[in-house]
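Please read the structure below before turning to the comments.
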Number of protein chains: 2
Amino acid sequence: MEIAETNCSHKNHTQGDCIKSILPVKDALEVLSGKWKLPIIISLMFGNKRFSQIAKEIPGITDKMLSKELRDLEANCLVKRSVYDAIPVVVEYSLTDYGHTLKPVIEVLRVWGTTHRERIMGRVELAVQD
Amino acid sequence: MEIAETNCSHKNHTQGDCIKSILPVKDALEVLSGKWKLPIIISLMFGNKRFSQIAKEIPGITDKMLSKELRDLEANCLVKRSVYDAIPVVVEYSLTDYGHTLKPVIEVLRVWGTTHRERIMGRVELAVQD
DNA sequence: CAGTATCCGACTGGATACTG
DNA sequence: CAGTATCCAGTCGGATACTG
């Protein structure tokens with residue numbers, strides 16, 4: 001079902017229909033929500049990393065937040081945590097195949113966000129309609 | 001430039017490159033962030049609406065939040081506010097053409113979110129890789 | 001009708017210190 | 001190395017009341 005066909009106010013659609021079509025979008029946004037999930041996901045898109053490696057690559061993140069967000073992402077099956085029995089212990093994080101399915105989503109957001117930034121910054125002179 | 005080509009840790013890419021590729025994604029997410037922007041946008045995708053009409057269609061939203069989010073969306077050129085000189089005053093909100101460009105973005109999020117919800121709910125039995 | 005003003009609780013995320 | 005524990009400030013958003 002397409003968004004455009006899910007009408008909230010027209011004759012033969014209930015508000016329930018509308019809400020149901022919004023819910024999955026919220027689910028998707030939630031996965032990417034917060035200050036750090038996106039940097040972490042993108043960082044892992046380029047290869048498996050260890051905890052401190054990720055921390056180094058994401059300026060400003062604290063151990064606490066990295067730990068918390070990695071746990072969130074793992075709970076959502078987007079990230080895998082592998083413990084290797086060494087001393088001291090080695091933990092490697094990787095995107096699951098499923099995590100990689102986010103790539104087109106992120107790409108769409110990146111493309112839209114790029115033109116949006118240009119527009120808000122006033123660099124695009126196309127008349128803003130009406 | 002594709003996300004996949006923007007590497008944070010490899011030889012010929014700087015962290016700056018990586019951050020620059022994340023920024024527009026954050027911009028896009030920010031536009032859709034918060035509890036109510038998405039419902040408002042989707043509501044307006046089906047036609048122009050007046051303030052109280054939107055409020056009626058979005059269960060749970062308060063006047064304060066609706067007012068605030070509409071202002072945000074207007075500042076981002078996604079929503080247009082038209083005042084008609086009547087007594088009492090009539091205000092109509094509509095999505096701009098630009099606002100409608102969000103439709104494919106929302107659609108991608110909706111599709112991904114739908115399968116994600118199924119997966120998290122445990123309805124998909126595809127082995128979660130490794 | 002179309003909002004604004006005020007108050008307030010809950011949640012997010014930062015700083016710092018500590019642990020197996 | 002790979003985290004956890006504690007404390008704390010700022011922000012988000014809800015409830016209620018009020019206005020041109």
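Chain identifiers are assigned alphabetically (A, B, ...) following the order of the sequence lines, protein sequences preceding nucleic acid strands; residue numbering begins at 1 within each chain.
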Problem set entry | Distance (rounded to the nearest 0.5 Å) between B/Ile120 CD1 and A/Asp27 CG | 9.0 Å
Problem set entry | A/Leu73 CG to A/Lys68 NZ distance, which is reported to the nearest 0.5 Å | 9.0 Å
For this session: To the nearest Å, give me how far apart NZ (A/Lys68) and P (C/dG14) are.
Result: 11 Å
For this session: Could you tell me whether B/Glu69 and B/Lys37 have a side-chain N and a carboxylate O separated by less than 4.0 Å?
Result: yes
Problem set entry | Atom-pair distance (CG on A/Leu66; P on D/dT4), nearest Å | 10 Å
For this session: Using atom CZ of B/Arg71 as one end and atom C1' of C/dA5 as the other, report the distance to the nearest whole Å.
Result: 12 Å
Problem set entry | Residue mapping more 5' on DNA chain D - nearest nucleotide basis, A/Val89 or B/Ser33 | A/Val89
For this session: If D/dA15 has a Watson-Crick or G-U wobble mate with both distances under 3.5 Å, name it; if not, just say none.
Result: C/dT6
Exercise. Once you round it to whole Å, what is the distance between C1' of D/dA2 and NZ of A/Lys56?
Worked result: 13 Å
Exercise. If we call it a pair only when both distances are under 3.5 Å in a Watson-Crick or G-U wobble match, what pairs with D/dG20?
Worked result: C/dC1
For this session: May I ask you to verify if any side-chain N or O of A/Ser67 is less than 4.0 angstrom from the OP1 or OP2 atom of D/dT4?
Result: yes
For this session: State, yes or no, whether a side-chain contact exists between B/Ile106 and B/Met45 at a heavy-atom distance under 4.5 Å.
Result: yes
Exercise. Can you find a side chain N or O atom of A/Arg50 that sits less than 4.0 Å from OP1 or OP2 on D/dA2?
Worked result: yes
For this session: Please determine, for the side chain of A/Val91, which listed nucleotide (D/dG3, C/dC1, C/dG3) has the closest atom?
Result: D/dG3
Problem set entry | Closest to the A/Lys35 side chain, choosing from C/dT4, C/dG3, C/dG13 | C/dG13
Problem set entry | Gap between atoms CG and C1', on B/Asp63 and D/dG13 respectively (whole Å) | 14 Å
Exercise. For the pair made of OH in B/Tyr84 and C1' in C/dG3, what is the distance, rounded to whole Å?
Worked result: 18 Å
Seminar exercise, completed: Rounded to whole Å, CD of A/Glu69 lies from P of D/dG3 at a distance of 14 Å
Exercise. Given atom CD of B/Glu92 and atom C1' of C/dA2, what is their separation to the nearest angstrom?
Worked result: 14 Å
Exercise. Of the nucleotides C/dC1, C/dT4, D/dC1, which has the atom closest to the B/Pro88 side chain?
Worked result: C/dC1
Exercise. Has B/Tyr93 got a side-chain N or O lying under 4.0 Å from the OP1 or OP2 atom of C/dC1?
Worked result: no
Exercise. What is the ring orientation for B/Tyr98 with A/Trp112, classed by angle as parallel under 30°, tilted 30 to 60°, or perpendicular over 60°?
Worked result: parallel
Seminar exercise, completed: Among the nucleotides C/dA15, D/dG13, D/dG3, whichever has the atom closest to the side chain of A/Thr62 is C/dA15
Exercise. To the side chain of A/Lys64, which of D/dG14, C/dA2, D/dC7 is closest?
Worked result: D/dC7
For this session: Would you classify A/Gly60 as touching base, sugar-phosphate or nothing, given that sugar-phosphate means primed atoms plus P, OP1 and OP2, and contacts are heavy atoms under 4.0 Å?
Result: nothing
